[in-house]
Amino acid sequence: MLTKAPRGTRDLLPEECPKWVFMEKVFREICGQFGYREIRTPTFEHTELFQRGIGEATDIVEKEMYTFLDKSGRSITLKPEGTAPVARTYIEQKLYNKPLPVKLFYITPCFRYERPQAGRQREFHQFGIEAFGSPSPLIDVEVITLAVFFLKRLGLDSLEVRINSIGCKRCREDYKQALKDFLFEKKGSLCNTCKLRLDKNPLRILDCKDPCCQKLLKDAPVILEYLCNDCRGHFDEVKKGLSAVDVKYSVDPGIVRGLDYYTKTVFEIISEDLGAQSTVCGGGRYDHLVEECGGPPTPAAGFGIGVERLVMILEANGLLDIPPIQMDVFVAVLDESYRDYGLQLLYRLRRAGFSAETDYMGRSLKAQMKYADKIPSKYAFIIGEDEVKTGIITVKDLATGEQEKVPSDKIETYLKNKIRKGC
RNA sequence: GUGGAUAUAGUUCAGGUGGCUAGAACGCCAGAUUGUGGCUCUGGAGGCCGUGGGUUCAAGUCCCACUAUCCACCCCA
């Protein structure tokens, strides 16, 4: 236990971190282009926020939250998703007094107590955006498009975008009733979990993977036919907008997000490279969350992208082959008597902005060269008797094996020229 | 929460029906005469064989429990 990371958590080693930095950089760039600004919220919140925001009856709140009492008895929960905390900030910091819409993005860890499997851990990370204040379907379009552009810029161009509308409170109630009525007589053929869902949350039956349930649903009423005029018009505008900006999508009436706050537009971006989990990005509109949490009535929309899942997809497609970080120079000294000279050179290089390393293991020159090759380094500077005496450094290009003599005082310009050429 | 598979060096894996002083490859370290890497050769370090019980003269090998990992269900990113 002492030397084991907790179940469902992972270490990111130095070879992996550059991949994350790369994805984060691209995400920040895209968000910037779309006018979204970064926000960072606490890792934990008061438990009530999630109970109220996500919904008491959801799986997340019922059984997946990392909840504990702090030393003064407050109930605290590690954030299981990114939207509710940002909505809380929006209210608490009165961001509704800023020019609307308020467009925010975040990169955050999330925590859910679940059994780990492919594409699912207990601590995972999300790239997310939220746009507050506008009911316009063009915001829905922007949110979906930002996700698509982001994934495209990473090199993924064939992911599938699926959209649906689950309507507002009113049309959803009508639809729920219709679905219940339809399924009631066929109740016997439903799988066991769906029998329970019939009363509790009939919408959830729609994305059941059980083949029997799927068969029954073939002739089931479709929510899109139960949308009120407002919701129908909104959905039409979203579809029109997506076509206008050339985002390919399909309408999938089976999409029902598992969080209670969604209204109208919901969407998923899915990939085949994720094992049983296929969703890499999920989101939609949530017009009542802010009000529900005590803020002014505020329509909003957003998405979350699973970073670990994104890594899986990118790696499956060979899109995360980031070259290892190279040192510019390794300063090798023949033996301890040249150590001081080597150190001075080392720090001169570092001060000048180069990345430079030296030996701390008391290795022989040969072993130092070997090490320089492995870390890896572009050049090795060799310091011995001749160099110290003449002030002319032996510089070896470790890629080509070529060796030159460079006067010590010209070293910086020499390196600058070489490295700028892309060596 | 449920089900299946797995658990041996840093890593990937060998170790039929119990008898090992537990192996290989890669990696790591050190050498192959005199100031130099990548290839090659030689040598070395490194394993409470997941943890705890049990069966047995004898257990890495059989049995049980626990834990962890992987996969799937549920659900989601």
Side-chain angles (χ1 to χ4, degrees), chain A residues 1-10 13 54 57-65 79-83 107-128 147 191-194 196-197 201 204 207-210 255-259 262 266 268-271 274-283 302-313 330 332-335 337-338 359 361-388 394-403:
Chain A
M1 278 303 167
L2 183 63
T3 53
K4 215 164 220 168
R7 180 160 211 205
T9 66
R10 281 181 17 185
L13 300 179
I54 299 172
T58 58
D59 277 22
I60 293 179
V61 172
E62 265 179 5
K63 50 188 197 194
E64 294 173 2
M65 295 206 299
K79 62 169 110 165
E81 53 99 49
T83 301
I107 296 172
T108 185
C110 295
F111 307 85
R112 290 185 203 169
Y113 189 84
E114 296 183 272
R115 295 280 292 261
Q117 71 186 77
R120 169 187 296 159
Q121 28 279 124
R122 289 183 171 182
E123 180 187 29
F124 62 102
H125 300 263
Q126 284 192 1
F127 293 155
C191 72
N192 287 333
T193 38
C194 282
L196 293 173
R197 289 199 265 226
N201 197 345
R204 210 51 80 62
D207 55 8
C208 181
K209 282 160 200 153
D210 186 293
I255 297 180
V256 184
R257 313 257 74 226
L259 297 86
Y262 285 111
V266 290
E268 291 183 350
I269 300 178
I270 62 172
S271 161
L274 288 174
Q277 265 61 241
S278 54
T279 308
V280 62
C281 173
F303 70 65
I305 286 176
V307 183
E308 284 81 357
R309 290 184 185 179
L310 185 57
V311 171
M312 287 172 76
I313 300 173
F330 182 88
V333 295
L334 190 57
D335 63 58
S337 45
Y338 309 104
D359 173 60
M361 302 301 287
R363 282 185 247 249
S364 66
L365 179 62
K366 191 189 184 100
Q368 289 181 61
M369 295 302 287
K370 217 176 217 180
Y371 179 71
D373 188 53
K374 274 173 194 160
I375 46 177
S377 180
K378 294 172 196 164
Y379 295 91
F381 286 8
I382 297 161
I383 311 300
E385 196 184 349
D386 298 349
E387 287 77 8
V388 172
T394 301
V395 175
K396 182 163 191 175
D397 182 328
L398 290 173
T400 63
E402 283 163 24
Q403 208 158 290

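When reading the values below, keep in mind they use all heavy atoms of this one structure, side chains included, and skip hydrogens, waters and symmetry mates. Chain letters run A, B, ... following the sequence lines, proteins first, then strands; residues in each count from 1.
Under the Watson-Crick and G-U wobble criteria, each requiring two contacts below 3.5 Å, nucleotide B:U21 is left unpaired. In this structure B:U55 sits in no base pair that meets the Watson-Crick or G-U test at under 3.5 Å. With a cut-off of 3.5 Å on both pairing distances, B:G38 has no Watson-Crick or G-U wobble partner at all. Pair assignment for B:A7 gives B:U67, based on Watson-Crick or G-U wobble hydrogen-bonding distances that are each under 3.5 Å. Nucleotide B:G47: unpaired (no Watson-Crick or G-U wobble partner with both distances less than 3.5 Å). Checking B:U2 for Watson-Crick or G-U wobble geometry (two distances, each under 3.5 Å) identifies B:A72 as its partner.
In terms of heavy atoms, A:Leu365 sits closest to A:Val333 at CD1-O, 4.3 Å. Of all heavy-atom pairs spanning A:Leu398 and A:Met369, the tightest one is CD2-CE, 4.1 Å. Nearest heavy-atom pair, A:Pro80 versus A:Phe124, reported as atom, atom and distance to 0.1 Å: O-CZ, 4.0 Å. Scanning all heavy atoms of the two residues, the minimum distance from A:Arg363 to A:Asp359 falls at N-OD2, 2.9 Å. Taking every heavy atom of both residues into account, A:Cys110 and A:Gly82 meet most closely at SG-N, 4.3 Å. Heavy-atom minimum distance, A:Tyr338 versus A:Gly384: CE2-C, 3.7 Å.
As rounded to whole Å, 11 Å separates atom P of B:G31 from atom CZ of A:Arg363. Going from atom CZ of A:Phe330 over to atom P of B:G37 covers 14 Å, rounded to whole Å. In this structure, A:Met361 places its CE atom 8 Å from P of B:C29, rounding to the nearest Å. Protein atom CG of A:Leu365 is 12 Å distant from nucleotide atom P of B:G31, rounded to whole Å. Whole-Å rounding puts the A:Leu398 CG to B:U36 C1' distance at 9 Å. If you measure from atom CD of A:Glu385 to atom C1' of B:U34, you get 14 Å, rounded to the nearest angstrom. Rounded to whole Å, atom C1' of B:G37 lies 14 Å from atom CG of A:Asp359. Taking atom CD of A:Glu64 as the reference point, atom P of B:U2 lies 15 Å away to the nearest angstrom.
Judged purely by atom type and a 3.5 angstrom limit, A:Gln403 has no side-chain atom pairing as donor or acceptor with the backbone of A:Thr394. With hydrogens and angles ignored, the 3.5 Å screen pairs a side-chain donor or acceptor of A:Ser377 with a backbone N or O of A:Tyr379.
Nucleotides B:A9 and B:G47 place their C1' atoms 5 Å apart, quoted to the nearest Å. The separation of B:G4 from B:U17, taken at their C1' atoms, amounts to 26 Å, rounded to a whole angstrom. Of the C1' atoms belonging to B:C70 and B:A58, the separation is 34 Å, rounded to the nearest Å. Spacing of C1' atoms, B:U2 relative to B:G18, comes out at 35 Å, to the nearest Å. Straight-line distance between the P atoms of B:C66 and B:C28: roughly 41 Å, to the nearest whole Å. B:G38 and B:U21 have their P atoms separated by 39 Å, with the value rounded to a whole Å. Nucleotides B:C62 and B:C49, compared at atom P, are 16 Å apart to the nearest Å. Going from the P atom of B:G53 to that of B:C71 covers 32 Å, rounded to whole Å.
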Practice problem: Using the side chain to side chain contact (heavy atoms under 4.5 Å, CB included) rule, take A:Lys370 and A:Lys374 through it: C-alpha gap first, then chi angles, then the decisive distance, then the call. | Solution: CA-CA 6 Å; A:Lys370 217 176 217 180; A:Lys374 274 173 194 160; 4.2 Å; yes
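Note on A:Gln368: nothing from the nucleic acid sits closer than 4.0 angstrom, heavy atoms only. The residue A:Glu81 sits apart from the nucleic acid: no heavy atom pair falls under 4.0 Å. Nucleic acid contact class of A:Glu114 (heavy atoms, under 4.0 Å, all strands): base. Looking at heavy-atom distances under 4.0 Å, A:Gly119 makes contact with a base. The residue A:Ala372 sits apart from the nucleic acid: no heavy atom pair falls under 4.0 Å. Within the nucleic acid shown, A:Gly82 has no heavy atom closer than 4.0 Å to any nucleic acid atom. Across all strands, A:Cys110 comes closer than 4.0 Å to no nucleic acid atom at all (heavy-atom distances). Contacts of A:Gln121 with the nucleic acid, taken as non-hydrogen atoms under 4.0 Å apart, include base atoms. No contact: A:Arg10 has no heavy atom under 4.0 Å from any strand. In this structure, A:Gly283 reaches neither bases nor backbone, as no heavy-atom distance under 4.0 Å exists between it and the strands shown. Among the atoms of the strands shown, none is found under 4.0 Å from any heavy atom of A:Ala147. Nucleic acid contact class of A:Leu310 (heavy atoms, under 4.0 Å, all strands): none. Looking at heavy-atom distances under 4.0 Å, A:Asp386 makes contact with a base. When heavy atoms are screened at a 4.0 angstrom cut-off, A:Glu62 is found touching no nucleic acid atom at all.
Nearest to the side-chain atoms of A:Asp59 among the listed nucleotides B:G35, B:A30, B:C74 stands B:C74. Here B:A72 is the nucleotide among B:A72, B:C29, B:A77 with the atom lying nearest to any side-chain atom of A:Ala276. Of the candidate nucleotides B:C74, B:G37, B:A68, B:C74 has the atom lying nearest to any side-chain atom of A:Arg120. With distances taken from any side-chain atom of A:Lys4 to the nucleotides B:G37, B:A68, B:A77, the minimum falls on B:A68. For A:Arg7, counting side-chain heavy atoms from C-beta on, the closest listed nucleotide (B:A68, B:A77, B:A32) is B:A68.
For A:Lys374 and B:C29, the shortest distance from a side-chain N or O to OP1 or OP2 is below 4.0 Å. Applying the 4.0 Å criterion to OP1 and OP2 of B:C71, one finds that A:Arg115 has every side-chain N and O outside that range. Taking side-chain N and O atoms only, A:Lys63 has no distance below 4.0 Å to OP1 or OP2 of B:G1. Between A:Gln117 and B:C73, a side-chain N or O to OP1/OP2 separation shorter than 4.0 Å is present.
Using a 4.0 Å cut-off between a side-chain N of Lys or Arg and a carboxylate O of Asp or Glu, A:Glu81 and A:Arg112 do not qualify as a salt bridge.
Under 3.5 Å, the side chain of A:Lys366 and the base of B:U36 form no donor-acceptor pair of N or O atoms. In this model, a side-chain donor or acceptor of A:Glu387 finds a partner on the base of B:G35 within 3.5 Å. For A:Asp373 against B:G38, no side-chain N or O and base N or O form a donor-acceptor pair under 3.5 Å.
Positionally, the nearest nucleotide of RNA chain B for A:Leu334 lies more toward the 5' end than for the other of A:Leu334 and A:Gln277.
The aromatic ring of A:Phe124 stacks onto the base of B:A77, its centre lying under 5.5 Å from the centre of the six-membered base ring with the two planes under 30° apart.
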